[in-house]
Amino acid sequence: MKAVVMEKPFELRVKELPTPKAKPGQVVIKVHACGICGSDVHGYEGKHFQFTYPRVMGHEFGGFIHEIGDGVSGVRIGDRVCAETNQPCKRCYLCTHGMPGLCQNRVTNGFDVDGGLAEYVAIPAENIVPVPEDMDLDSAVLAQPFGVSYHALHDRAAVKPGDTVLVIGAGGVGIGAMMVAKCMGARVIISDIVDYRLQTALVMGADYAVNSAAEDLPQRVKELTDGVGADVVLECVGGSQCLTLRQAVHAVRFRGIVITMGTFAGPEVVMDPNLIRWHEIDFRGSQGQYGAYAPTLKLLHESRFDIKSMCTHVFRLDGAQEAFDLLRHPGPEDRVIKILMKP
């Protein structure tokens, strides 16, 4: 089979590999599509703590059941499925106390076990997520990062109808967070420094869009909330800057919630801890989406959002290098938000 292999940082190759076989408890998926996200780019650049090399990349994938291993029941050849990203150990303290998504012994598709940037991928059967019969498979694949937002909004922030949510960053994860928040009945303000991303977010349902390079974001949020601030702020940017975290703590209301979803390049972040104390701000982390993919698909499917609007580019596996270069260094004319790879 053909697969995209990251040999080491900055060295990507499309190779012929043996097609995986289903071991007991596993299924093999014939991959229909696989998304590329910021974490994949971090792995490409050698900046992701969990990435091991060489590795078949890809953790946002879906397709058709191709082979079923011994001991697996309840699925059939040809079933349309997506896949939970993480495989927790099920034995540690976190797993046995209801927090498998935080398992420190977990392995992750496309990071430390081979993933879905290939024609076929083998995964534990318990990780498959059925796709609704009348849901487009591309949309189901694109919804994977939305599960990260569902976990943040539903499990970590308990967002309610009528809440105001500020999403900082209008990339794939940020637009996904906006859409999930809208499905939950929230009013959503989204910010970015790239106008075409903000325009896409508005088309896809955001209530307000703010270019934070042109406007003072916390001030604009206060204007839109009668001086109160947002109930919940999601930081979806990360990277090698901390401006967005400072914006978040100034834009959230007293006793509001700030959730970090972006992956930061290092541990040093500068912001005002007194503001967090004086305003009694809840500062929370949120990572991953273990257990959230299925309810996310249900929520988005029932809400009938046009998820595919965020898919700006599609490549074959042979175009993997071009796809990664595009994500790392997009030009204004590229208007890239989300890339799908299709074997």
Side-chain angles (χ1 to χ4, degrees), residues 1-6 15-37 39-40 50 52 54-91 95 100-101 103 105-148 150-151 288-298 300-301 316-317 340-343:
M1 71 168 184
K2 189 178 292 185
V4 177
V5 181
M6 195 65 63
K15 302 176 70 172
E16 286 290 334
L17 299 178
T19 300
K21 298 294 184 182
K23 298 176 182 178
Q26 288 187 332
V27 297
V28 172
I29 296 174
K30 180 177 174 62
V31 177
H32 166 74
C34 182
I36 305 177
C37 84
S39 295
D40 296 313
Q50 199 177 353
T52 57
R55 180 63 54 217
V56 177
M57 304 185 76
H59 60 277
E60 303 177 358
F61 58 86
F64 307 90
I65 299 291
H66 174 73
E67 185 183 357
I68 301 171
D70 291 342
V72 177
S73 60
V75 296
R76 298 173 298 176
I77 301 296
D79 281 355
R80 304 184 322 141
V81 296
C82 289
E84 285 279 4
T85 301
N86 291 318
Q87 303 174 25
C89 75
K90 304 293 184 68
R91 301 182 302 274
C95 284
C103 174
N105 304 314
R106 70 185 183 273
V107 295
T108 303
N109 303 328
F111 288 80
D112 39 27
V113 294
D114 286 344
L117 277 179
E119 293 181 290
Y120 298 89
V121 59
I123 65 165
E126 64 186 24
N127 276 62
I128 63 175
V129 179
V131 176
E133 284 298 325
D134 58 342
M135 188 174 194
D136 177 77
L137 193 49
D138 282 359
S139 296
V141 172
L142 288 163
Q144 188 279 338
F146 291 34
V148 178
Y150 182 92
H151 172 60
Q289 44 78 260
Y290 186 78
Y293 206 156
T296 301
L297 279 185
K298 183 175 186 294
L300 292 168
H301 180 240
R316 300 298 182 191
L317 294 183
L340 275 183
M341 305 291 294
K342 291 193 171 185

**Student:** Using the side-chain contact (heavy atoms from CB on, under 4.5 Å) criterion, which residues pair with P343? Sequence neighbours excluded.
**Tutor:**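 If we apply the side-chain contact (heavy atoms from CB on, under 4.5 Å) test to P343, skipping adjacent residues, the hits are V31, E119, L317.
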
**Student:** Is there side-chain contact between C89 and C103, with at least one heavy-atom pair below 4.5 Å?
**Tutor:**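 They are in side-chain contact.
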
**Student:** The test is side-chain contact (heavy atoms from CB on, under 4.5 Å); show your working for V28 and V121 and say whether it passes.
**Tutor:** CA-CA 6 Å; V28 172; V121 59; over 6 Å; no

**Student:** Give me each pair satisfying salt bridge (charged side-chain N to carboxylate O under 4.0 Å, His left out) with a member in residues 81-91, each pair once, sequence neighbours excluded.
**Tutor:**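 Residue pairs passing salt bridge (charged side-chain N to carboxylate O under 4.0 Å, His left out), neighbours aside: K90-E126.
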
**Student:** Taking side-chain hydrogen bond (donor to acceptor under 3.5 Å, both in side chains) as the test, write out the residues that go with K23, two or more places apart.
**Tutor:**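 Here no residue qualifies.
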
**Student:** Output all residues satisfying side-chain contact (heavy atoms from CB on, under 4.5 Å) with P132, sequence neighbours left out; order by chain, then residue number.
**Tutor:**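 P132 satisfies side-chain contact (heavy atoms from CB on, under 4.5 Å) with D134, M135, L297, H301 only.
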
**Student:** Assess the residue pair V56 and V4 against the criterion (side-chain contact (heavy atoms from CB on, under 4.5 Å)); give the C-alpha distance rounded to whole Å, side-chain angles, the decisive distance to 0.1 Å, and a yes or no.
**Tutor:** CA-CA 6 Å; V56 177; V4 177; 5.8 Å; no

**Student:** E16 versus K2: any side-chain heavy-atom pair under 4.5 Å?
**Tutor:**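 They are in side-chain contact.
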
**Student:** Roughly how far apart are L340 CG and D138 CG, rounded to 0.5 Å?
**Tutor:**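 One finds 5.5 Å between CG of L340 and CG of D138.
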
**Student:** Would you give the length of the straight line joining atom CG of L300 to atom OG of S139, rounded to the nearest 0.5 angstrom?
**Tutor:**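 It comes to 9.5 Å.
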
**Student:** Using the test salt bridge (charged side-chain N to carboxylate O under 4.0 Å, His left out), find all partners of R55 that sit at least two apart in sequence or belong to another chain.
**Tutor:**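 Partners of R55 by the salt bridge (charged side-chain N to carboxylate O under 4.0 Å, His left out) criterion, ordered by chain and then number, come out as D114.
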
**Student:** Enumerate the side chain to side chain donor-acceptor pair (under 3.5 Å) contacts for residues 60-82, please, sequence neighbours excluded, ordered by first and then second residue.
**Tutor:**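 Applying side chain to side chain donor-acceptor pair (under 3.5 Å) to every pair that reaches into residues 60-82, excluding sequence neighbours, yields E60-K338.
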
**Student:** Applying side-chain hydrogen bond (donor to acceptor under 3.5 Å, both in side chains), name anything that partners N86, two or more places apart in sequence or on another chain.
**Tutor:**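 Scan of N86 (side-chain hydrogen bond (donor to acceptor under 3.5 Å, both in side chains), adjacent residues dropped) gives T108.
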
**Student:** Tell me, do P100 and R106 make a side-chain contact under 4.5 Å, heavy atoms counted?
**Tutor:**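 They are not in contact (no side-chain heavy atoms under 4.5 Å apart), so the answer is no.
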
**Student:** Sequence neighbours left out, what passes ring pair (Phe, Tyr, Trp, His ring centres under 6.0 Å) with H59? Give chain and number order.
**Tutor:**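 For H59 the ring pair (Phe, Tyr, Trp, His ring centres under 6.0 Å) partners, ignoring immediate neighbours, are F111.
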
**Student:** Search all heavy atoms of A118 against all heavy atoms of G115 and return the closest pair with its distance.
**Tutor:**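 For A118 and G115, the tightest heavy-atom pair comes out as CB-O, 4.4 Å.
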
**Student:** As an exercise, state the distance from CG of D40 to SG of C34, rounded to the nearest 0.5 Å.
**Tutor:**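 If we round to the nearest 0.5 Å, D40:CG and C34:SG are 7.0 Å apart.
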
**Student:** Quick one: list whatever passes salt bridge (charged side-chain N to carboxylate O under 4.0 Å, His left out) with K21, sequence neighbours left out.
**Tutor:**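 Checked K21 against salt bridge (charged side-chain N to carboxylate O under 4.0 Å, His left out); zero matches.
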
**Student:** How close do P54 and V5 get, counting heavy atoms only, and between which atoms?
**Tutor:**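 Heavy atoms of P54 and V5 come nearest at CB-CG1, 4.1 Å.
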
**Student:** Could you tell me which residues satisfy salt bridge (charged side-chain N to carboxylate O under 4.0 Å, His left out) with K298, sequence neighbours excluded, listed by chain and number?
**Tutor:**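 In terms of salt bridge (charged side-chain N to carboxylate O under 4.0 Å, His left out), with neighbours along the sequence ignored, K298 is linked to E302.
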
**Student:** List the residues meeting salt bridge (charged side-chain N to carboxylate O under 4.0 Å, His left out) with D112, not counting sequence neighbours, and say none if there are none.
**Tutor:**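 Residues passing salt bridge (charged side-chain N to carboxylate O under 4.0 Å, His left out) with D112: none at all.
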
**Student:** If you take all heavy atoms of A125 and V72, which pair is closest and at what distance?
**Tutor:**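 A125 and V72 have their closest heavy atoms at CB-CG1, 3.6 Å.
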
**Student:** As an exercise, state the distance from CG of N127 to OH of Y290, rounded to the nearest 0.5 Å.
**Tutor:**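 Rounded to the nearest 0.5 Å, the CG-OH separation comes out at 6.0 Å.
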
**Student:** Minimum heavy-atom separation for P145 and L142, please, with both atom names.
**Tutor:**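 Looking at all heavy atoms of both residues, the closest pair is CD-O, 3.2 Å.
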
**Student:** Any heavy-atom pair between the side chains of M341 and R316 that's under 4.5 Å?
**Tutor:**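 R316 vs M341: side chains apart.
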
**Student:** Picking from N109, T85, V81, what satisfies side chain to side chain contact (heavy atoms under 4.5 Å, CB included) with F61?
**Tutor:**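 Exactly one pass, corresponding to N109.
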
**Student:** So which heavy atom on F64 is nearest to which on G78, and how close?
**Tutor:**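 Result for this residue pair: CD2-O, 3.7 Å.
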
**Student:** Measure the spacing between CD of Q144 and SG of C37 and express it to the nearest 0.5 Å.
**Tutor:**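 Spacing of CD (Q144) from SG (C37) equals 7.0 Å.
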
**Student:** As an exercise, state the distance from CG of L117 to CE of M6, rounded to the nearest 0.5 Å.
**Tutor:**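 Answer rounded to 0.5 Å: 8.5 Å.
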
